[in-house]
Amino acid sequence: MTQTKAVLLDIEGTTSSIAFVAEVLFPYAAKHLASYVEAHSEEVALILAEVPGEDKVATLLDWIAEDRKATPLKTLQGLIWAQGYADGTLQGHVYPDTPEALRRWYTAGVAIYIYSSGSIAAQKLIFGHSIAGDLTPMLSGYFDTTTGPKCEAESYAKISAATGFEAKEILFVSDMQPEVDAARAAGLGALLIDRAGGPADIHSLAEIRL
């Protein structure tokens with residue numbers, strides 16, 4: 001990996017616990033959705049215009065329950081979470097080895113990017129208000145599904161072009177094999193991580209030495 005100049009990281013299951021998103025963030029958004037929409041009717045009007053059905057809140061709650069990757073939902077969740085992070089109710093979970101790895105790579109001059117199905121705004125909140133403090137100064141950029149699906153090679157080619165690094169100079173880390181396969185198909189280096197200790201390339205970010 002001596003040619004690696006940039007690291008591209010997934011969030012859920014890679015830098016942060018899947019349980020944090022499923023058991024903390026989603027329930028928080030569901031609990032506060034109706035009251036937030038009522039209190040910010042003008043602000044969310046354009047977002048709600050993209051939601052089908054007469055009962056927009058009911059549709060959004062259904063989408064949360066099924067983890068729908070819908071842009072209006074992701075945008076609205078980000079706004080609700082921002083409120084929770086701002087008042088200290090929420091703190092972004094990161095594994096202990098995550099800030100350690102970020103500092104190691106950042107100090108070594110390696111650019112660090114995030115690629116998650118969660119919106120860029122939500123990504124910034126998790127790392128900006130993490131249990132380890134504000135980690136965003138060490139991050140060079142963020143990508144979400146507006147760039148493209150995470151299981152398609154073209155998405156990784158777009159990310160490579162956007163960062164200015166050649167595909168072979170970027171190392172992608174994810175806990176999802178289809179995403180790792182797509183990154184490799186685009187010419188990136190890629191590692192499968194399994195935090196639970198199952199079959200994988202690595203089980204911790206501490207194992208990555210660039």
Side-chain angles (χ1 to χ4, degrees), residues 1-23 25-26 63 66-71 73-74 77 92-95 97-102 104-106 108 110-124 126-127 135 138-210:
M1 297 183 189
T2 54
Q3 64 181 356
T4 300
K5 296 182 180 179
V7 174
L8 179 66
L9 299 171
D10 168 53
I11 293 180
E12 291 182 60
T14 301
T15 66
S16 310
S17 170
I18 295 174
F20 171 68
V21 177
E23 299 174 11
L25 289 185
F26 284 178
W63 284 359
E66 62 187 61
D67 190 14
R68 178 80 67 91
K69 310 297 185 185
T71 299
L73 172 62
K74 295 298 183 182
Q77 282 178 322
H93 174 269
V94 290
Y95 291 109
D97 58 89
T98 295
E100 294 171 1
L102 296 184
R104 184 170 67 252
W105 298 330
Y106 180 76
V110 176
I112 307 166
Y113 298 89
I114 304 298
Y115 183 27
S116 171
S117 58
S119 69
I120 289 174
Q123 295 174 31
K124 291 179 178 179
I126 286 179
F127 290 102
L135 303 176
M138 293 184 286
L139 302 177
S140 296
Y142 309 82
F143 299 93
D144 59 17
T145 50
T146 58
T147 297
K150 295 184 71 181
C151 294
E152 294 186 5
E154 183 180 354
S155 302
Y156 298 89
K158 289 180 179 178
I159 289 174
S160 174
T163 63
F165 292 104
E166 294 183 41
K168 66 181 181 180
E169 295 175 326
I170 304 173
L171 173 66
F172 175 59
V173 186
S174 171
D175 66 324
M176 301 296 291
Q177 187 67 59
E179 296 176 5
V180 170
D181 293 341
R184 288 173 177 165
L188 280 70
L191 294 174
L192 178 68
I193 187 171
D194 187 338
R195 292 283 183 175
D201 299 313
I202 57 172
H203 301 102
S204 164
L205 297 181
E207 298 174 38
I208 301 176
R209 298 295 172 179
L210 304 178

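Everything numeric here is computed off the predicted structure, so don't read it as measured data.
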Inter-residue atom distance L171.CG - L9.CG, 0.5 Å rounding: 8.0 Å
Minimum heavy-atom distance D67-K74, with the two atoms named: OD1-NZ, 3.9 Å
Chi angles and distances behind the side-chain contact (heavy atoms from CB on, under 4.5 Å) call for L139, F127: CA-CA 9 Å; L139 302 177; F127 290 102; 3.8 Å; yes
Closest non-hydrogen atom pair between S155 and G148, with its separation: OG-C, 3.1 Å
Shortest non-hydrogen contact between T15 and R195, atoms and distance: CA-NH2, 4.5 Å
Passing candidate, side chain to side chain contact (heavy atoms under 4.5 Å, CB included) with V7, options I208, I114, L210: L210
Electrostatic pair D10:K150 at N-O distance under 4.0 angstrom: yes
Approximate separation, where rounding is to 0.5 Å, of I193 CD1 and E207 CD: 7.5 Å
Closest heavy-atom pair and its distance - Y113, A6: CE1-CB, 4.1 Å
Sidechain-backbone polar pair: H93 side chain, F20 backbone, donor-acceptor under 3.5 Å: no
Partner residues of Y115 under the ring pair (Phe, Tyr, Trp, His ring centres under 6.0 Å) criterion, sequence neighbours left out: Y156
Gap between atom CE of M176 and atom OG of S117 - 0.5 Å precision: 9.5 Å
Verdict with supporting geometry, I159 and F172, side-chain contact (heavy atoms from CB on, under 4.5 Å): CA-CA 11 Å; I159 289 174; F172 175 59; over 6 Å; no
K69 atom NZ: more than 12 heavy-atom contacts under 6.0 Å: yes
Point-to-point distance, once rounded to the nearest 0.5 Å, from OH of Y142 to CG of L8: 13.0 Å
Side-chain (E100) to main-chain (A206) donor-acceptor, under 3.5 angstrom: no
Identified side chain to side chain contact (heavy atoms under 4.5 Å, CB included) counterpart of S174 within the set L192, V180, L191: V180
pair P99-V94: side-chain heavy atoms closer than 4.5 Å: yes
side-chain hydrogen bond (donor to acceptor under 3.5 Å, both in side chains) partners for Q77, two or more places apart: none
Verdict with reasoning, K5 to E166, per side-chain contact (heavy atoms from CB on, under 4.5 Å): CA-CA 9 Å; K5 296 182 180 179; E166 294 183 41; over 6 Å; no
Test side-chain hydrogen bond (donor to acceptor under 3.5 Å, both in side chains) applied to K158 - qualifying residues, sequence neighbours left out: none
Polar side-chain atom of S160 near backbone of F165 as donor-acceptor pair, under 3.5 Å: yes
Which atom of H203 lies closest to which atom of G197, heavy atoms considered: CD2-CA, 3.4 Å
Heavy-atom side-chain contact between V173 and I202 under 4.5 Å: yes
Inter-residue atom distance D201.CG - Q177.CD, 0.5 Å rounding: 7.5 Å
Steps toward side-chain contact (heavy atoms from CB on, under 4.5 Å) verdict (I126, K124): CA-CA 6 Å; I126 286 179; K124 291 179 178 179; over 6 Å; no
Closest non-hydrogen atom pair, I11 against S116: CD1-CB, 3.7 Å
Spacing of T163 atom OG1 and I170 atom CD1 [to the nearest 0.5 Å]: 4.0 Å
